2 protein chains.
Amino acid sequence: MFQALSNPNRLKIFLQLIDCCPPGTRWEPDSACCAFVGDLTRILEIVPSTVSHHMKALRQAGLIKMRRRGKKIECWVDPEAVAALGRFFNRPGQAPAHSPAGIQNRCNGAQTL
Amino acid sequence: MFQALSNPNRLKIFLQLIDCCPPGTRWEPDSACCAFVGDLTRILEIVPSTVSHHMKALRQAGLIKMRRRGKKIECWVDPEAVAALGRFFNRPGQAPAHSPAGIQNRCNGAQTL
DNA sequence: ATTAATATTCGACATATGTCGAACTATCTA
DNA sequence: TAGATAGTTCGACATATGTCGAATATTAAT
């Protein structure tokens, strides 16, 4: 997944799609929940074949899902993949972003290279 | 940061370091909270110069920090970077990992490519 | 002062990656 | 059925990346 997100254009695609599917809303075929490949082509200003190439990479990484809808193909972020990545970085052993003053993380105190 | 984590060996280094610094513990110079570059060289089975190369990439990405300690150089994950990544994927608009049955995400229902 | 231990920098090189354009497939519409 | 629209696949090619070995710091120990 990190490999898939390491490319600037693929990251843009992902960011474009990630704000879909807010909680409590229903995904409907015509909602703004997902985008078509052609939309992304316009946004990124790269040729369709390259976009398609990137979509395939994102899909094979498990980050997005796609479905044909008529002539177009719609795509959206897989919410489960995002949740898994969230858990990965929100490790049980990890100090919270704003830790109480008394238990601040000592790694920050050291002078680093 | 994704670019830095996209390489298998760099990801291994990151995973090796990420379990340091549990909340409520103090980071001490001799604790297992951080590792030395030589340790990572042995674990990864690649030559020191390559490890050094990867450490530099991780450091420039803001994922790890390093400090000289005698002949060795110790390194640890920057907790703030991990927290930022956690926030990135735990988006406000994102459905939780185990959402209640009533508001399950419809993106999963569609048949995909 | 030498030597040993630890890590970095540099140059070389093979492989991976990103991009394009042309050809192709699939679907809709007239 | 023919043409238009939307994407994909393939081949080519330039660039980026990962790895190594040799040379170079930097520090500690003798």
Side-chain angles (χ1 to χ4, degrees), chain A residues 1-17 29-78 110-113, chain B residues 1-17 29-30 32-77 110-113:
Chain A
M1 288 185 174
F2 297 137
Q3 148 73 23
L5 294 176
S6 70
N7 175 265
N9 281 327
R10 279 197 300 267
L11 184 57
K12 281 182 196 166
I13 294 173
F14 184 76
L15 291 174
Q16 188 71 28
L17 295 177
D30 300 312
S31 77
C33 168
C34 56
F36 295 104
V37 176
D39 304 335
L40 301 167
T41 303
R42 278 166 229 118
I43 291 167
L44 296 179
E45 297 183 336
I46 53 182
V47 300
S49 62
T50 304
V51 174
S52 185
H53 181 66
H54 287 322
M55 302 304 285
K56 187 176 181 179
L58 288 166
R59 184 156 43 90
Q60 290 182 335
L63 286 167
I64 68 170
K65 294 195 174 294
M66 304 170 74
R67 187 178 61 166
R68 178 171 282 278
R69 182 160 193 80
K71 276 184 289 192
K72 300 182 174 183
I73 291 184
E74 55 191 11
C75 28
W76 62 94
V77 167
D78 181 356
Q111 182 177 1
T112 58
L113 296 176
Chain B
M1 287 184 174
F2 297 137
Q3 149 73 24
L5 294 176
S6 70
N7 175 265
N9 281 325
R10 279 198 300 269
L11 184 57
K12 281 182 195 166
I13 294 172
F14 184 76
L15 291 174
Q16 187 72 28
L17 295 177
D30 300 312
C33 168
C34 57
F36 295 102
V37 175
D39 304 334
L40 301 168
T41 302
R42 277 165 231 120
I43 291 166
L44 296 179
E45 297 182 336
I46 53 181
V47 299
S49 63
T50 303
V51 174
S52 187
H53 182 65
H54 287 323
M55 301 304 286
K56 188 176 182 180
L58 288 166
R59 184 154 45 88
Q60 289 182 335
L63 286 167
I64 68 170
K65 293 194 174 295
M66 304 170 73
R67 188 178 60 166
R68 179 169 280 279
R69 182 159 193 82
K71 275 183 291 193
K72 301 183 174 183
I73 291 184
E74 57 192 7
C75 27
W76 62 94
V77 167
Q111 181 177 1
T112 60
L113 297 177

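So that the names make sense, note that chain A is the first sequence line, chain B the second, and so on, each numbered from 1. Small disclaimer: the values here were computed from a predicted structure and weren't measured.
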By side-chain contact (heavy atoms from CB on, under 4.5 Å) - contacts of [X] (at least two apart):
X: A/Ile43; result: A/Gln16
X: B/Asn9; result: B/Asn7, B/Lys12, B/Leu44, B/Ile46, B/His54
X: A/Ala61; result: A/Ala4, A/Leu63
X: B/Thr41; result: B/Val37, B/Pro48, B/Val51

What does A/Gln3 touch in the nucleic acid at a heavy-atom separation under 4.0 angstrom: a base, only the sugar-phosphate, or nothing?
->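 Sugar-phosphate only.
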How would you label the contact of A/His54 with the nucleic acid (heavy atoms, under 4.0 Å): base, sugar-phosphate, or nothing?
-> sugar-phosphate
Return the [atom1] to [atom2] distance between [X] and [Y], rounded to the nearest 0.5 Å.
X: A/His53; Y: A/Leu58; atom1: NE2; atom2: CG; result: 10.5 Å
X: A/Met55; Y: A/Lys65; atom1: CE; atom2: NZ; result: 13.0 Å
X: A/Asp39; Y: A/Ile13; atom1: CG; atom2: CD1; result: 11.5 Å

Are [X] and [Y] packed together at the side-chain level, in the sense that at least one heavy-atom pair is separated by less than 4.5 angstrom?
X: B/Leu40; Y: B/Cys75; result: yes
X: A/Trp76; Y: A/Arg67; result: yes
X: B/Lys56; Y: B/Met66; result: no

Which whole-number value in Å describes the distance from [X] [atom1] to [N] [atom2]?
X: A/Asp39; N: D/dT5; atom1: CG; atom2: C1'; result: 14 Å
X: A/Met55; N: C/dT17; atom1: CE; atom2: C1'; result: 18 Å
X: A/His53; N: D/dG11; atom1: NE2; atom2: P; result: 14 Å
X: A/Leu40; N: D/dG7; atom1: CG; atom2: C1'; result: 12 Å
X: A/Arg69; N: D/dG7; atom1: CZ; atom2: P; result: 13 Å
X: B/Arg59; N: C/dA7; atom1: CZ; atom2: P; result: 13 Å

Where each residue is assigned the nucleotide of DNA chain D containing its nearest heavy atom, which of A/Lys56 and A/Arg42 is assigned the position nearer the 5′ end?
->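 Per heavy-atom nearest nucleotide, the more 5' residue is A/Arg42.
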Residue list, ring pair (Phe, Tyr, Trp, His ring centres under 6.0 Å) with A/Phe14, at least two apart or on another chain |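 Here no residue qualifies.
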Sub-4.0 Å heavy-atom contacts from residues 5-12 of chain A onto DNA chain D, ordered by number =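 Going residue by residue through residues 5-12 of chain A, none turns out to have a heavy atom under 4.0 Å of DNA chain D.
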Using a cut-off of under 3.5 Å, enumerate the N/O to N/O pairs linking the protein to nucleotides 21-26 of chain D.
unit_1	atom_1	unit_2	atom_2	d
D/dG21	N7	B/Ser49	OG	3.4
D/dG21	O6	B/Ser49	OG	3.0

Can you pull out how bent the helix from C/dA1-D/dT30 to C/dA30-D/dT1 is, comparing the axes over its first five and last five pairs, to 10°?
-> 20°
